[in-house]
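Everything quoted here is computed from the prediction, not taken from an experiment. If you read the sequence from its start, that first residue is 1, and numbering goes on from there.
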Amino acid sequence: MTDHELTTMLKDLADAPAPPPRIDVDRARRIGGRRRRVRTTALVVGSAAVVAAGGVTAVSVFRPSAAPAPVAVAPAPSPATVVPAPFGDPIVARASFAWLPEQITGVEYAVGAHGDTTLAIGRGELPPMIWLSIHDKEPPVPRDLGGQPTRIPVRVGGSDGYWLTTDANDPLNHGQSYLRWPVPTGQWAELHAYYLAVPDLQQVLTRVAADVRFGNKAVPLPLRISSLPDSFRLSDGYLTRRPDQDGVPWRLVLQYSSDGALATINVSPPGGPTDGLGEPECVTKNGLKACVSFNQPKIGGVTAKELLSRITVLGPDEKKWTTHVIG
C-alpha cells in the first residue's frame, strides 16, 4: 500500500451497512464478512508488494474498520491540505461534532494516509456510526453507490446541501445515509451514517450536520513523548472507543515511518490489543499500558525500548490528557 489510489480502494471494500429495520441484518453480515475477506487480502497483497519493492510507506494496516469487525466504510476524503500539528500533537481534527443523538457514546479520531476523519460511534455488535469528513472539493460518488445516484436538496444550517441516494423516494438511502454540504472555508463536509435506528433520522442527521464545528482542533491524548528521532514521520494515528471489540474503553495507536521502517506506539488501559510489527516493548504505569514495537531492531538510531523510555503516560482520566504531546 503505497499510494492514495490503493488507500481509496481499501476504504471502498467495506461492510454494506444500514441500521435495522431498514435492512436484512443477516444479509448485511454475510456481505460484510465477504468484503472483510477481500479487504484483508488486499491489505496483505498491498503490504507484500511494498516489501517486495524494498520499502514501507506511511499507511497502517492496523487501523480499525467499520462494524461488525475492526474504519472500513470510512469516507474517502479527497486529497487535503496538510494540517500542521499544533504543540506537536499528532492527531488534529479538521472538524468536530457539537451535538449528537443519545445512541452515540463516543467520538473517535483518525489521521494519516487513510484520510482524516472524525467518527461518532455507539455500542453493540453493530454500533451506530456517523462519519464526518472534510474534502477540499465536492467529493465523487462513492463506489458502493454506483451509477448515477439521486441528489435530493436539503438545507444544512445556512448552506444548500444534498442527500445522496440510490432511491429517489428515500433521501436516507435505505439506512446507509450520505449528507453533503459546502462549508464557509470553501471545502465540502460529508456525513456518512449507518446502523443508526432513531425516530426522525433525517431530522437528526440534519441537526448533527448543522451543528458541526469547522477548524483545526488538537485532540488531547494520554501521553507525552520527550522526543522522536528526526526521521520519524506520522503515517497513521487513531484514537478509538470500541469496548465491545477491544475489551477496553479506548485505545490510541500512533504509527511512524522512517526510511522504510515502521514504529508503532500503543497506549490503552491494560488488557487492550497491541498493534504493530515485531515484538513489543511494554510498560504499565499510572493505570495505563504503553507499548512500542519496531519491525527492525533499530529505527532512527533508537531501539523500541529506548523510545518507550521517552514516553510518559498520563493516566485514564481524560481531563488530564494533553495536546502538548511531543517535545
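Listed for the Thr118 side chain is no donor-acceptor partner under 3.5 Å among the backbone atoms of Ser96. The backbone N or O of Gly161 sits nowhere less than 3.5 Å from a side-chain atom of Ser159 that would complete a donor-acceptor pair. Of the possible polar contacts, none joining the Asp246 side chain to the Gly272 backbone as a donor-acceptor pair under 3.5 Å is found.
Within the structure, every pair that satisfies the salt bridge (Lys or Arg N to Asp or Glu O under 4.0 Å) test and touches residues 174-189, not counting sequence neighbours, is listed here: Arg180-Glu190. Annotation: disulfide (SG to SG under 2.5 Å) contacts involving residues 177-230, sequence neighbours excluded, are absent. Screening residues 100-209 for disulfide (SG to SG under 2.5 Å) gives no qualifying pairs among residues at least two apart or on separate chains. Within the structure, salt bridge (Lys or Arg N to Asp or Glu O under 4.0 Å) pairs that include any residue of residues 315-327 comprise Arg241-Glu318 (at least two apart or interchain). Residue pairs meeting the side-chain hydrogen bond (donor to acceptor under 3.5 Å, both in side chains) criterion with at least one member in residues 203-213, sequence neighbours excluded, do not occur. Contacts classified as disulfide (SG to SG under 2.5 Å) and involving residues 236-327 (residues at least two apart or in different chains) are given here: Cys282-Cys291. Residue pairs meeting the salt bridge (Lys or Arg N to Asp or Glu O under 4.0 Å) criterion with at least one partner in residues 281-310, sequence neighbours excluded, are absent.
Listed by chain and number, the residues in a salt bridge (charged side-chain N to carboxylate O under 4.0 Å, His left out) with Asp160 are Arg155 (sequence neighbours excluded). Checked against ring-ring contact (aromatic ring centres under 6.0 Å, His included), Phe232 has the following partners two or more places apart in sequence or in another chain: Tyr256. Residues satisfying the side chain to side chain donor-acceptor pair (under 3.5 Å) criterion with Asp167, sequence neighbours excluded, are His174. For Trp181, the ring-ring contact (aromatic ring centres under 6.0 Å, His included) test picks out no residue, with sequence neighbours left out. With sequence neighbours excluded, no residue satisfies ring-ring contact (aromatic ring centres under 6.0 Å, His included) with Trp163.
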>> Between Leu254 and Ile91, does the side chain to side chain contact (heavy atoms under 4.5 Å, CB included) criterion hold? Intermediate values first, please.
In response: CA-CA 9 Å; Leu254 301 174; Ile91 298 184; 4.2 Å; yes

